[in-house]
Amino acid sequence: MSELFGDKSAEMQEESLRSRQRNFSPEELGRAVGSNLLSRFSHVESGDNTTDEYLPVHVLAERIGTNRQWIHRMVNDLGIEPEPIEHGGRLVSCYPPFTLPILIDEYEFRKEFRALPPLLTVTDLAELVGRSWVWTAAKLEELGLKPTGSEIRSSKVSDLYVKSTVKKLRDLSRAFPMESGWYNMSQLVLASGEDREWVERRLAEAGAEAEVRRSALTGKLLKHYPPIARSIIRKAKEERPEVAPERWLTAEAIPENVGRSYNWCKLRLKEYRQLAAVRQDGQGVSRLHYPPSVVAELRAEQESINQYQE
């Protein structure tokens, strides 16, 4: 995270595309968001299964090692839509590049599922869905899933659940996308060296919206900001004005120092606007400040009024 705010705008743009799932275009992945495929895909380690091609059903079946009926059933279940792509001089219905790794992941899971024993412990379930024992036990309770029996392992009694429980927990664990290059607030605060309030304010001003994603480190659901957040914070730090020098005051602070009302001071400050400058206040907020000479002028005017009244 120490390089989070390096001055590599090109690298940031490339990472932004990678974080939206490797080399697939934002348009392709945008179509997947509506059907929750982006969330599912973020959990897939595609490796050698990555492709940039739009593939027809028969090619998908060949690469996965299954039949076309299975492909048709899965793309329908997952809501993956084909597109007409010209192939061999004619239009052929082909599926986006992210289809292959998603289907391979699903195919391998179902093959592994068939080989599972009929009953599984919480430890077994946690290992199969890639979550902690605590997370798994908590989700079993939330879903209202009850054990169907128990067994003794290492002198301990372990509850047993039917293996179909794995599917329910797997779907739940994949209901939210992995962080995939997105940053949670703690990471941004730590890397920027600024306080949380300052970082939150800068992101809000830039219109950066967070979404709930799963932390790859802890597995917890946290609000994460897109990769562009690091560029937003870096730019805000670069453009941030200097800290207000000693005795420079804002329009809100001047009345107390002059001894007059806010409206009285505001009316006269218009004459000194050219002397004002945007500076950071004590909370790191950029605000218009006036130099001590302006305060002295207003104070002198106030004293002359007092003397005249006397």
Side-chain angles (χ1 to χ4, degrees), residues 1-2 4 19-22 32-33 35-47 77-78 101-102 104-191 195-196 199-200 203 209-227 229-230:
M1 292 298 293
S2 60
L4 184 59
S19 73
R20 294 179 68 86
Q21 310 309 321
R22 303 172 178 85
V33 173
S35 57
N36 202 31
L37 290 176
L38 182 56
S39 173
R40 179 181 288 270
F41 184 67
S42 70
H43 293 265
V44 175
E45 293 295 334
S46 55
D77 289 347
L78 295 172
I102 287 178
I104 288 178
D105 180 66
E106 197 65 31
Y107 182 79
E108 291 177 348
F109 167 74
R110 295 187 179 215
K111 183 169 64 176
E112 181 182 12
F113 179 81
R114 289 193 294 271
L116 291 174
L119 297 174
L120 301 165
T121 66
V122 176
T123 300
D124 296 331
L125 293 169
E127 184 176 345
L128 289 165
V129 298
R131 296 287 174 259
S132 68
W133 190 97
V134 174
W135 182 92
T136 304
K139 298 310 173 186
L140 288 171
E141 184 175 352
E142 287 179 19
L143 293 171
L145 300 175
K146 305 296 183 183
T148 59
S150 62
E151 70 174 15
I152 298 177
R153 286 191 185 182
S154 303
S155 302
K156 294 183 179 180
V157 177
S158 298
D159 291 330
L160 295 172
Y161 295 81
V162 294
K163 73 175 186 178
S164 61
T165 306
V166 175
K167 291 184 177 180
K168 296 177 181 178
L169 291 174
R170 182 172 181 263
D171 288 342
L172 186 62
S173 72
R174 296 187 173 204
F176 293 91
M178 295 297 289
E179 58 187 48
S180 301
W182 288 46
Y183 304 108
N184 64 50
M185 181 55 65
S186 295
Q187 291 172 321
L188 291 171
V189 169
L190 179 63
D195 61 65
R196 186 185 187 92
V199 174
E200 287 179 340
L203 293 173
E209 296 185 4
E211 67 176 47
V212 176
R213 288 183 169 236
R214 194 174 296 282
S215 168
L217 180 63
T218 65
K220 293 182 178 179
L221 293 176
L222 302 170
K223 284 186 177 181
H224 284 77
Y225 288 86
R230 76 172 190 173

Show me the side-chain donor-acceptor pairs of residues 157-167 shorter than 3.5 Å, one per line, residues at least two apart or across chains.
unit_1	atom_1	unit_2	atom_2	d
K163	NZ	F113	O	3.1
T165	OG1	V162	O	2.7

Legend entry - Approximate separation, where rounding is to 0.5 Å, of K168 NZ and L125 CG: 11.5 Å

Inset, instruction - Show the numbers, then the answer: is there a side-chain contact (heavy atoms from CB on, under 4.5 Å) between L203 and L188? - result: CA-CA 10 Å; L203 293 173; L188 291 171; 3.9 Å; yes

Inset, instruction - For residues G181 and P227, report the shortest heavy-atom separation together with the two atoms involved. - result: O-CG, 3.5 Å

Inset, instruction - Flag the pair L169 / R131 as yes when at least one side-chain heavy-atom distance between them is below 4.5 Å, and no otherwise. - result: no

Inset, instruction - Using a strict 4.0 Å threshold on nitrogen-to-oxygen distance, state whether E108 and K111 make a salt bridge. - result: no

Inset, instruction - Report yes if some heavy atom in the side chain of D124 is under 4.5 Å from a heavy atom in the side chain of L116; otherwise report no. - result: no

Legend entry - Closest contact, heavy atoms only, R196 versus V189: CA-CG2, 3.6 Å

Legend entry - pair M185-K223: side-chain heavy atoms closer than 4.5 Å: no

Inset, instruction - Could you tell me whether R170 sits above the aromatic face of F109, with NZ or CZ closer than 6.0 angstrom to the six-membered ring centre and within 45 degrees of the axis? - result: yes

Inset, instruction - First locate atom NZ of K156, then atom OG1 of T123, and finally report the distance between them rounded to the nearest 0.5 Å. - result: 9.0 Å

Inset, instruction - Answer whether the closest heavy-atom distance between the side chains of E106 and D77 falls below 4.5 Å. - result: no

Legend entry - Y183 versus P226, closest heavy-atom pair with distance: CD1-O, 4.3 Å

Inset, instruction - Check side-chain hydrogen bond (donor to acceptor under 3.5 Å, both in side chains) between E151 and all other residues, then give those that pass, not counting sequence neighbours. - result: R153

Legend entry - 4.5 Å side-chain heavy-atom contact, N184 and Q187: yes

